[in-house]
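Proteins come first, then strands; the chains are lettered A, B, ... in the order of their sequence lines, and each starts at number 1. The figures that follow rest on heavy atoms only: side chains count, while hydrogens, waters and symmetry mates do not.
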There are 2 protein chains.
Amino acid sequence: MNKPDIDAFHTAITARLSCRKVRYTLGRKAVVESLSKSNGPLSAAELADLHTGTIPLSSLYRSLAILEDSEIITRHFGANGVTRYELAEWLLGHHHHLVCTSCGTVEDVSLPSSYESQIHTLVEEVGKLSSFQAKNHILDIEGICLRCT
Amino acid sequence: MNKPDIDAFHTAITARLSCRKVRYTLGRKAVVESLSKSNGPLSAAELADLHTGTIPLSSLYRSLAILEDSEIITRHFGANGVTRYELAEWLLGHHHHLVCTSCGTVEDVSLPSSYESQIHTLVEEVGKLSSFQAKNHILDIEGICLRCT
DNA sequence: TATAATAATGATAATGATTATCATTATTAT
DNA sequence: ATAATAATGATAATCATTATCATTATTATA
């Protein structure tokens, strides 16, 4: 995954939130920064750890709910049953996840666009075959990450 | 998805469980039957509904835990945050899920093997590129099901 | 600049899904 | 038969998440 431009994120997010009378407070900025620095989605517990003493849990959860409402972040319900949060695709780009079944960490991967278009057409076809209006796909790859090998 | 042979399941499951000194009781059989009749994974709540009065929640959850331990069923953490249970791949075969974002139901789909092998090689390649030992992949397709159109 | 209106905070309580406990009952093995 | 083992079901405990609400901060208006 290519490194994101946090300032650009802040600008875009500020714009989006101000339309909705939602304030981009320090706590919310802190959440966004943690998510943009991370190379994978983070759980509420992990975010809380990153901000111990500064963001109480209740505020953290509320910030997450509001940022999700405003479509700044999305929730990802991981292969291991942990709910994790990540920046929305319009900020981070479409990507998939490498889920380590040993340590439980989740890392983002962008597929080469040839692969991505393969998946896309495949998903379309499956939708047709099953008379299902496919809108989106979620591909998680489970395995063992480098550190756990 | 092709219809499964419940009797064959029972035989295979009986064998597997007896090795482990785990009994294949009526309650557990009932869970397996519901799962094999369903054309998609079911949540604990849905299973409880299917057996109201006959299986108390505590027993249901324990049965699910034990069947998972014995690798008869697996949990699927769906795109909508609901935990659902399904027969393990060695019984049901490898498949994917159509998740309706409108009504929340989840339906199984087996991909044509050409598609499946495309995904397989693609996943292998991505693993190599990211120095990640890919073991399994989970492809969920989100969209609108036939009944919700 | 005051002041009213609106939104955010943080402590705490409530919820809901799941897990643990434990006495009772059923099943298997000696 | 009887001892050993496992399953049941009612109940309580846990854990993540959500709701409540009084307080505080921010924005908008006079």
Side-chain angles (χ1 to χ4, degrees), chain A residues 10 13-33 35 41-70 72-86 104 106, chain B residues 10 13-33 35 41-70 72-86 104 106:
Chain A
H10 281 323
I13 293 169
T14 303
R16 178 146 207 150
L17 291 182
S18 72
C19 296
R20 313 190 169 214
K21 296 187 201 160
V22 173
R23 295 176 192 161
Y24 198 25
T25 61
L26 286 180
R28 294 167 189 182
K29 275 201 180 97
V31 167
V32 167
E33 298 225 347
L35 291 179
L42 298 174
S43 67
E46 288 164 345
L47 283 165
D49 277 354
L50 290 172
H51 300 281
T52 25
T54 61
I55 308 180
L57 256 193
S58 64
S59 302
L60 174 59
Y61 273 109
R62 205 147 18 79
S63 292
L64 290 171
I66 282 175
L67 290 172
E68 194 191 0
D69 264 14
S70 311
I72 306 303
I73 65 177
T74 55
R75 280 190 288 179
H76 176 254
F77 303 101
N80 43 19
V82 178
T83 300
R84 290 165 183 277
Y85 300 83
E86 62 188 350
V106 181
Chain B
H10 281 322
I13 292 169
T14 303
R16 176 147 207 148
L17 291 182
S18 71
C19 295
R20 312 190 170 215
K21 294 186 201 162
V22 173
R23 295 178 192 157
Y24 197 26
T25 61
L26 286 180
R28 293 168 188 180
K29 273 200 182 98
V31 167
V32 167
E33 297 224 350
L35 291 180
L42 298 173
S43 67
E46 287 164 346
L47 283 165
D49 277 354
L50 291 173
H51 300 281
T52 25
T54 60
I55 309 181
L57 255 194
S58 64
S59 302
L60 174 59
Y61 274 109
R62 204 150 16 80
S63 292
L64 290 171
I66 282 176
L67 291 173
E68 194 192 359
D69 264 16
S70 311
I72 306 302
I73 65 176
T74 56
R75 280 190 288 179
H76 177 255
F77 304 102
N80 44 19
V82 178
T83 300
R84 290 167 183 276
Y85 300 83
E86 61 187 351
V106 181

Is the closest side-chain heavy-atom distance between B:Leu50 and B:Ile55 below 4.5 Å?
no
Is there side-chain contact between B:Val82 and B:Val106, with at least one heavy-atom pair below 4.5 Å?
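No, side chains not in contact.
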Close N/O contacts between protein and nucleotides 25-30 of chain C (under 3.5 Å):
none

Between [atom2] of [N] and [atom1] of [X], the distance in whole Å:
X: B:Asp69; N: D:dA6; atom1: CG; atom2: C1'; answer: 15 Å
X: B:Asn80; N: C:dA17; atom1: CG; atom2: P; answer: 13 Å
X: A:Arg28; N: C:dG10; atom1: CZ; atom2: P; answer: 11 Å
X: B:Tyr85; N: C:dA17; atom1: OH; atom2: P; answer: 12 Å
X: A:Leu26; N: C:dG10; atom1: CG; atom2: P; answer: 10 Å
X: B:Arg84; N: C:dT18; atom1: CZ; atom2: C1'; answer: 16 Å
X: A:Asp49; N: D:dA16; atom1: CG; atom2: C1'; answer: 14 Å
X: B:Leu47; N: C:dA17; atom1: CG; atom2: C1'; answer: 14 Å

Identify, residue by residue, the members of residues 14-22 of chain A with a heavy atom below 4.0 Å from DNA chain C, and return them in order of residue number, or none.
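Those residues whose heavy atoms fall under 4.0 Å from DNA chain C, taken from residues 14-22 of chain A in numerical order, are A:Lys21, A:Val22.
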So, using side chain to side chain donor-acceptor pair (under 3.5 Å) as the criterion, who are the partners of [X] when residues are at least two apart?
X: A:Arg84; result: A:Glu46
X: A:Arg16; result: none
X: A:His51; result: A:Ser34
X: B:Arg75; result: B:Glu68

Closest approach of A:Phe77 to B:Asn80 (non-hydrogen atoms, all atoms of both residues)
CE1-C, 3.7 Å
What one should report as the nearest heavy-atom pair of B:Tyr61 and B:Ala44 is OH-CB, 3.4 Å
Apply side-chain contact (heavy atoms from CB on, under 4.5 Å) to B:Ala48 and list each qualifying residue two or more places apart in sequence or on a separate chain.
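Partners of B:Ala48 by the side-chain contact (heavy atoms from CB on, under 4.5 Å) criterion, ordered by chain and then number, come out as B:Leu57, B:Leu60.
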Name all residues meeting the side-chain contact (heavy atoms from CB on, under 4.5 Å) criterion together with A:Ser70; count only those two or more places apart in sequence or in a different chain, and write none if there are none.
A:Leu17, A:Arg20, A:Val22, A:Ile66, A:Ile72
In numerical order, the residues of residues 51-66 of chain B whose heavy atoms come under 4.0 Å of DNA chain D are B:Pro56, B:Ser58, B:Ser59, B:Arg62
So, taking the atom named OG in A:Ser43 and the one named CG in A:Asp49, what distance separates them when rounded to the nearest 0.5 Å?
8.0 Å
CD1/B:Ile13 to CG/B:Leu67 distance, rounded to the nearest 0.5 angstrom?
7.5 Å
Can you see if the side chain of B:Thr83 gets near the phosphate of C:dT18 - specifically, an N or O under 4.0 Å from OP1 or OP2?
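So the side-chain polar atoms of B:Thr83 do come within 4.0 Å of the phosphate oxygens OP1 or OP2 of C:dT18, strictly under.
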Quick note, salt bridge (charged side-chain N to carboxylate O under 4.0 Å, His left out) partners involving residues 52-62 of chain A, not counting sequence neighbours, are none
Can you list the stems that DNA chain D is part of, where a stem is at least 3 pairs in a row, each Watson-Crick or G-U, with both distances below 3.5 Å?
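Counting only runs of 3 or more consecutive pairs, the stems involving DNA chain D are C:1-30 with D:1-30.
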Partner residues of B:Tyr24 under the ring-ring contact (aromatic ring centres under 6.0 Å, His included) criterion, sequence neighbours left out
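ring-ring contact (aromatic ring centres under 6.0 Å, His included) list for B:Tyr24, sorted by chain: B:His10.
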With heavy atoms under 4.0 Å as the rule, sort A:Ala44 into base, sugar-phosphate or nothing.
sugar-phosphate
